[in-house]
There are 2 protein chains.
Amino acid sequence: MGQTPAGNGRPRRPTMVDVAREAGVALRTVSRVVNNDPTVGPAYVAKVEAAIAALNFRPDERARQLRLGVTGTIGAAVRRIAEVNPALAAIEQTARATGLRLLASSTDFDESRERDILVSMCRQRLDGIIVEPFGNSHGYLEPELAAGMPMVSMDRPMSGISVDCVMSDNAAGIGTAFHHLHRHGHRRIGYIGDSELVFSGRERAAAFRAALVAHGQSVAGLVHPGDITAERVAADLDTVLHGPDPATALVTGNLDTTIAVLRVLGPQAASRLAIVGFDEVPLADLVRPALTVVAQDTATIGRTAVELLSARIADPSRPVQTVIVPVELKVRGSGEVPPHAIDS
Amino acid sequence: MGQTPAGNGRPRRPTMVDVAREAGVALRTVSRVVNNDPTVGPAYVAKVEAAIAALNFRPDERARQLRLGVTGTIGAAVRRIAEVNPALAAIEQTARATGLRLLASSTDFDESRERDILVSMCRQRLDGIIVEPFGNSHGYLEPELAAGMPMVSMDRPMSGISVDCVMSDNAAGIGTAFHHLHRHGHRRIGYIGDSELVFSGRERAAAFRAALVAHGQSVAGLVHPGDITAERVAADLDTVLHGPDPATALVTGNLDTTIAVLRVLGPQAASRLAIVGFDEVPLADLVRPALTVVAQDTATIGRTAVELLSARIADPSRPVQTVIVPVELKVRGSGEVPPHAIDS
DNA sequence: GTGAAAGCGCTAACAT
DNA sequence: ATGTTAGCGCTTTCAC
């Protein structure tokens, strides 16, 4: 015979059965009152509410969810919570507005951790999952998809499986950055960015090469994707700035690269190099030089992720969709320094 | 007769019963295999695993939790999950290391939203809750506490109920900031900080007044708590700087105040005023002036919150405890400007 | 070792 | 309008 499990120190909480007994009504009536069913007679409502108050009854959401089949909760597996993440903020806000709870977890740039989180979310039968994917093998999610788990990827596509996706227009962003510097007279423009092992690093480096080619320039010595470490960035910056034909301007491929470059160059950065960064920089207005950046529309990305997920939950058979969100150039100073103003 | 609910488009997922039938074994055996019970014969293990693979079976964590009584999940209700929040990062990491899932939600500086989140977490029967409380009436949680819901508050105590709490040594932090400026020769030191309606704003303003008194100085015109708006901060800064007896140094009471002050003063801040901020500033090394701050030990706060919560989960009857975490002065430049260097 | 069956706390079909 | 009861998918007691 099944018995009350976990005989730990917690006092047993009253259930609907207890409330029903206390109120002298049927269980069904308690359920009705708890769910605000209007067909319950006022006298019964009063009795039940009194019993609820007397026993301090609180319905158990877990049992409700098990019975209902849906959790009213979506998961978000992002690289970092607890960091500035406007997309996550937008996800949370949109989810709330849609009446969905949000379970957010950090994958922390760790493939096995991402897997743990995603599998755990599937086992919890969340109503859907938004993932900012990391790593290159998501095939293990195929069975979950087949079983009907709604999923949306953000910032980059997932590998090996086909799910709805929302991401920035990386190519256009890099093109805009390049063009902006070119328009300000620069003819030697370098690029330092994330590793080409990463999807966005790959897209952005490729877009930069394409921009160089489109402007009839040689690619040699100007395009530097790689890991974002102080050493690597400093070394490549040195190549770009002190080669035979030094660059007068630089495009940085993501936030971490921009910060690393600023740290290497120091506060005099703008006197040595025009810079346009990809990604908005927190406190950009307090940083010297004031940074011209290509900003992603993170609010739209987060909102769209929830919308795509909701659409898929509502209609699991709808065609898979990829949404590309435009980026925006924010002119603030560092990208408008003309080449002749730079002492090299 | 109860029937399968939610007849929506999702394909029905196989359950343990299906696996048992497919494998030709009893339900109990499937459960054993899923939970790695070593007492199952290898032949049975093989049969069950084959059936699991064939059916794509994934155990339903909700049912497991309902039966087990515990969720293996703790909640964190913090002001913002998608902002820099080292304490939340530490909570997540510690929870993970402890084998607990984390459900984080933003209360968003909204009392009713905080209440919704907390009540929802209680109804979900999370194993425990960490809350960075906002607002001044948490009496509604009394029944939950009485029912045995473990709870820990972070950064400030909760109002009206007694729960474990971990927070920074606000008084010592303000004292350190004041003392540091005093040691560098300043005799007129102002304070701008958060509203005294907020607990930490109250503690810090009080500590600052105490520091003034302890150094035999008048409090008049130097202590300015209030809402953190650009206008209010600018106005009070004006009072402090351009009064009859202008201050040569300033203590800012939290991060938002520090940022607001820097925005008002502009990049030449350090030439007009020595500044020591409360709270670490992101990218502090890229901001000019490099900021001297009193940093909270957020990593310890987050870790301690989880530890306090775990301790209470393990022993609901242990005495309620408040842990005060020391702060640390980070000397970077803005706080070491001597008074005579300042043009006023 | 394996199997049958109870029950976690709730919802909802069905009966009254 | 209210009551009875099956069952969501799992764990676990108890008998074999």
Side-chain angles (χ1 to χ4, degrees), chain A residues 1-8 10 12-48 51-52 55-72 122-125 147, chain B residues 1-8 10 12-48 52 55 57-72 122-125 147:
Chain A
M1 177 177 49
Q3 210 147 283
T4 165
N8 56 16
R10 290 211 213 180
R12 193 177 89 68
R13 301 192 63 142
T15 72
M16 278 195 179
V17 177
D18 300 315
V19 175
R21 193 183 322 109
E22 171 85 12
V25 302
L27 172 57
R28 181 69 179 100
T29 306
V30 179
S31 174
R32 284 203 167 100
V33 171
V34 166
N35 292 291
N36 299 314
D37 187 323
T39 70
V40 187
Y44 284 83
V45 172
K47 271 198 285 187
V48 170
I52 287 175
L55 297 179
N56 256 327
F57 167 76
R58 296 289 178 278
D60 187 326
E61 186 65 25
R62 292 171 302 179
R64 180 165 206 276
Q65 288 175 13
L66 179 61
R67 181 63 234 236
L68 250 38
V70 294
T71 61
C122 291
R123 288 173 70 133
Q124 285 182 83
R125 302 287 193 272
Chain B
M1 177 176 51
Q3 209 146 283
T4 166
N8 57 16
R10 289 211 215 179
R12 193 178 89 69
R13 299 192 64 141
T15 73
M16 279 195 179
V17 176
D18 300 315
V19 175
R21 193 184 321 112
E22 171 84 13
V25 301
L27 172 56
R28 179 71 179 96
T29 306
V30 177
S31 174
R32 283 204 166 100
V33 172
V34 165
N35 292 293
N36 297 314
D37 186 322
T39 70
V40 188
Y44 285 84
V45 172
K47 270 198 286 188
V48 171
I52 287 176
L55 297 179
F57 168 75
R58 296 288 177 277
D60 187 324
E61 187 66 23
R62 293 170 302 179
R64 181 165 205 277
Q65 288 174 12
L66 179 61
R67 180 62 234 239
L68 251 38
V70 294
T71 61
C122 291
R123 288 172 72 132
Q124 284 183 83
R125 302 288 193 271

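Chain A is the first sequence line, chain B the second, and so forth, proteins listed ahead of strands; every chain is numbered from 1.
- Using a 4.5 Å heavy-atom cutoff, the side chains of A:Gln65 and A:Val70 are not in contact.
- Atom-to-atom, CZ of A:Arg64 to C1' of D:dG7 comes out at 17 Å; the value is rounded to the nearest Å.
- With values rounded to the nearest 0.5 angstrom, B:Glu61 atom CD is found 11.0 Å from A:Arg62 atom CZ.
- When distances run from any side-chain atom of B:Leu27 to the nucleotides D:dG9, D:dT11, C:dA12, the shortest one goes to D:dT11.
- A distance of 15.0 Å separates CZ of B:Arg67 from CG of B:Asp60, quoted to the nearest 0.5 Å.
- Straight-line distance from the CZ atom of A:Arg21 to the C1' atom of C:dG9: 14 Å, rounded to whole Å.
- The nearest whole Å value for the distance from the CZ atom in B:Arg123 to the C1' atom in C:dC10 is 12 Å.
- The shortest distance between side-chain heavy atoms of B:Pro59 and B:Phe57 falls below 4.5 Å.
- A donor N or O paired with an acceptor N or O is found under 3.5 Å between the base of C:dA12 and the side-chain atoms of A:Arg28.
- Taking only side-chain atoms of A:Ala26, from C-beta outward, the nucleotide of C:dG3, C:dG9, D:dG3 with the closest atom is D:dG3.
- Rounded to whole Å, atom P of C:dC8 lies 12 Å from atom CZ of A:Arg62.
- Remark: the A:Arg32 side chain and the C:dT11 base include no donor-acceptor N/O pair separated by less than 3.5 Å.
- Remark: A:Arg21 engages A:Asp18 in a side-chain hydrogen bond (donor to acceptor under 3.5 Å, both in side chains) (not counting sequence neighbours).
- For B:Ser31, the side-chain atoms get nearest to D:dT11 when compared with the rest of D:dT11, C:dC8, D:dC10.
- Across C:dT11, D:dT12, C:dA4, the shortest atom-to-atom separation from the side chain of A:Met16 is found for C:dT11.
- Contacts of B:Val17 with the nucleic acid, taken as non-hydrogen atoms under 4.0 Å apart, are absent.
- When distances are taken from the side chain of A:Asp60 to each of C:dG9, D:dG9, C:dT11, the shortest belongs to C:dG9.
- Nucleotide C:dC8 holds its C1' atom 6 Å from the CZ atom of B:Arg67, rounded to whole Å.
- When rounded to the nearest whole Å, the span between CG of B:Leu66 and C1' of D:dC10 equals 8 Å.
- At its two ends the helix from C:dG1-D:dC16 to C:dT16-D:dA1 runs along axes set 40° apart, each axis drawn from five pairs and the angle rounded to 10°.
- Using a 4.5 Å heavy-atom threshold, the side chains of A:Val48 and A:Ile52 count as touching.
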Under 3.5 Å, side-chain donor or acceptor atoms of residues 23-32 of chain B against the rest of the protein: list the pairs with distances, not counting sequence neighbours.
from	atom 1	to	atom 2	distance (Å)
B:Arg32	NE	B:Asp37	OD2	3.4

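- Counting non-hydrogen atoms under 4.0 angstrom, A:Val34 reaches nothing in the nucleic acid.
- Looking at the side chain of A:Thr29, the nearest of the listed nucleotides C:dA4, D:dG3, C:dG9 is D:dG3.
- Residues passing the side chain to side chain contact (heavy atoms under 4.5 Å, CB included) test with A:Glu22 are A:Ala51, A:Ala54, A:Leu55, sequence neighbours excluded.
- The side chain to side chain contact (heavy atoms under 4.5 Å, CB included) check on A:Arg58 picks up A:Arg13, A:Asn56, B:Arg125, B:Pro143, B:Glu144, with sequence neighbours excluded.
- A distance of 14.0 Å separates CZ in B:Arg64 from CG in A:Leu66, rounded to the nearest 0.5 Å.
- The distance between atom CZ of B:Arg12 and atom C1' of D:dG7, rounded to the nearest whole Å, is 12 Å.
- Taken residue by residue, residues 36-48 of chain A places no heavy atom nearer than 4.0 Å to DNA chain C.
- Rounded to whole Å, the distance from CG on B:Asn35 to P on D:dG9 is 17 Å.
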